[in-house]
Number of protein chains: 2
Amino acid sequence: MTQSTEVQWSNEERGIAETALKKAYDREVKTLMEGIRKQISLLSVPDDVWQLHDLLSAKRHDIDGKYDHREASLLFTLSRLVKDGLLEVSELEGLAADKQAKVKILTRM
Amino acid sequence: MTQSTEVQWSNEERGIAETALKKAYDREVKTLMEGIRKQISLLSVPDDVWQLHDLLSAKRHDIDGKYDHREASLLFTLSRLVKDGLLEVSELEGLAADKQAKVKILTRM
């Protein structure tokens, strides 16, 4: 029998992670909204509308896959968000030291 | 042998139809742009962005199917555009009288 290497999450830690994910998500969508507003002001020919649609489709697909909050994925999710500049490591305070360390290592990969 | 009932289009008529389609398309996309601008000004929560994306996806799908300019479909395409208020029958002047009459009949269906 192999030993499980799954990271264990306390309720408090899950709460911290969920709050961090929510913050990153709100920031990402806010930036997206600003991008859309800029693009809208430049709309002139019909193709611009479809380009905006393409951008939104790509962003939605990206975001849908990115905020994976299953426990087995959480450390990867959080580190990607830090890497993308959507989260600060300091916003993960309260997670066990080994989790914070793993996130830091993953962001450097 | 069955007789072909396909409508025949002269080059001049095709030109008139293509110009009419282009006008309708430009009008439809212009209206869509105005709708997007309004919706953008109301963007506040993240879900608003995805609602905008849903609207654009639906519109694109609708428009992609609507401007069918194959000769066999042209009279149906034109009559639908008249029905939708995107074309005036007067913009089809120059088409043979029987074609104009068919479009008028189809718009009432």
Side-chain angles (χ1 to χ4, degrees), chain A residues 15-70 73-74 77-78 80-88 91, chain B residues 15-70 73-74 77-78 80-88 91:
Chain A
I16 291 166
E18 292 291 349
T19 303
L21 254 58
K22 177 83 177 68
K23 272 187 200 167
Y25 178 82
D26 286 346
R27 284 170 191 153
E28 179 156 26
V29 178
K30 202 181 154 215
T31 305
L32 177 59
M33 281 183 189
E34 283 159 13
I36 296 170
R37 283 203 185 89
K38 265 182 210 152
Q39 215 169 329
I40 288 288
S41 65
L42 301 171
L43 281 187
S44 63
V45 296
D47 275 355
D48 295 342
V49 176
W50 311 132
Q51 266 185 30
L52 173 66
H53 179 248
D54 287 340
L55 168 90
L56 281 173
S57 298
K59 270 289 180 184
R60 191 172 196 169
H61 181 76
D62 179 48
I63 290 175
D64 275 352
K66 196 175 187 176
Y67 291 86
D68 183 351
H69 58 164
R70 288 171 299 173
S73 315
L74 257 180
T77 303
L78 292 170
R80 176 165 172 199
L81 295 173
V82 172
K83 214 177 196 170
D84 288 357
L86 292 162
L87 267 187
E88 300 288 332
E91 292 175 301
Chain B
I16 291 166
E18 293 290 350
T19 303
L21 253 59
K22 178 84 176 67
K23 271 187 200 167
Y25 178 81
D26 286 346
R27 284 169 191 155
E28 179 156 26
V29 177
K30 201 181 156 216
T31 305
L32 176 59
M33 281 182 188
E34 283 158 14
I36 295 170
R37 283 204 184 89
K38 267 182 210 151
Q39 214 170 330
I40 291 286
S41 67
L42 301 172
L43 283 186
S44 63
V45 296
D47 276 354
D48 294 341
V49 177
W50 310 133
Q51 265 184 31
L52 173 66
H53 179 248
D54 287 340
L55 168 89
L56 280 173
S57 298
K59 270 288 180 186
R60 191 172 197 170
H61 181 76
D62 180 47
I63 290 174
D64 274 353
K66 197 174 186 174
Y67 291 85
D68 184 350
H69 59 165
R70 288 171 299 172
S73 315
L74 256 180
T77 303
L78 292 170
R80 177 169 171 197
L81 295 173
V82 172
K83 214 176 197 173
D84 288 358
L86 291 162
L87 268 188
E88 300 289 332
E91 292 175 302

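Below, chains carry the letters A, B, ... as their sequence lines are ordered, and counting in each starts from 1.
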J.: Need one label for A:Asp54: side chain, backbone, both or neither, based on atoms under 4.5 Å from any heavy atom in chain B.
T.: both
J.: Return the CZ to OG distance between A:Arg60 and B:Ser57, rounded to the nearest 0.5 Å.
T.: 7.0 Å
J.: Considering residues, nucleotides and ligands other than A:Glu88, do more than 12 of their heavy atoms fall under 6.0 Å from its CD?
T.: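 No, the 6.0 Å shell around CD holds no more than 12 heavy atoms from other groups.
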J.: Under 4.5 Å from any heavy atom of chain B, what part of A:Leu55 do you find: side chain, backbone, both or neither?
T.: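 Contact with chain B is absent: no heavy atom of A:Leu55 under 4.5 Å.
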J.: At under 4.5 Å between heavy atoms, what parts of residues 45-53 of chain A are in contact with chain B? List them by residue number.
T.: A:Val45, A:Pro46, A:Val49, A:Trp50, A:Leu52, A:His53
J.: Could you tell me whether the side chain of A:Ile40 reaches within less than 4.5 Å of the side chain of B:Met33, counting heavy atoms only?
T.: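 Result no, sub-4.5 Å side-chain heavy-atom pair not found.
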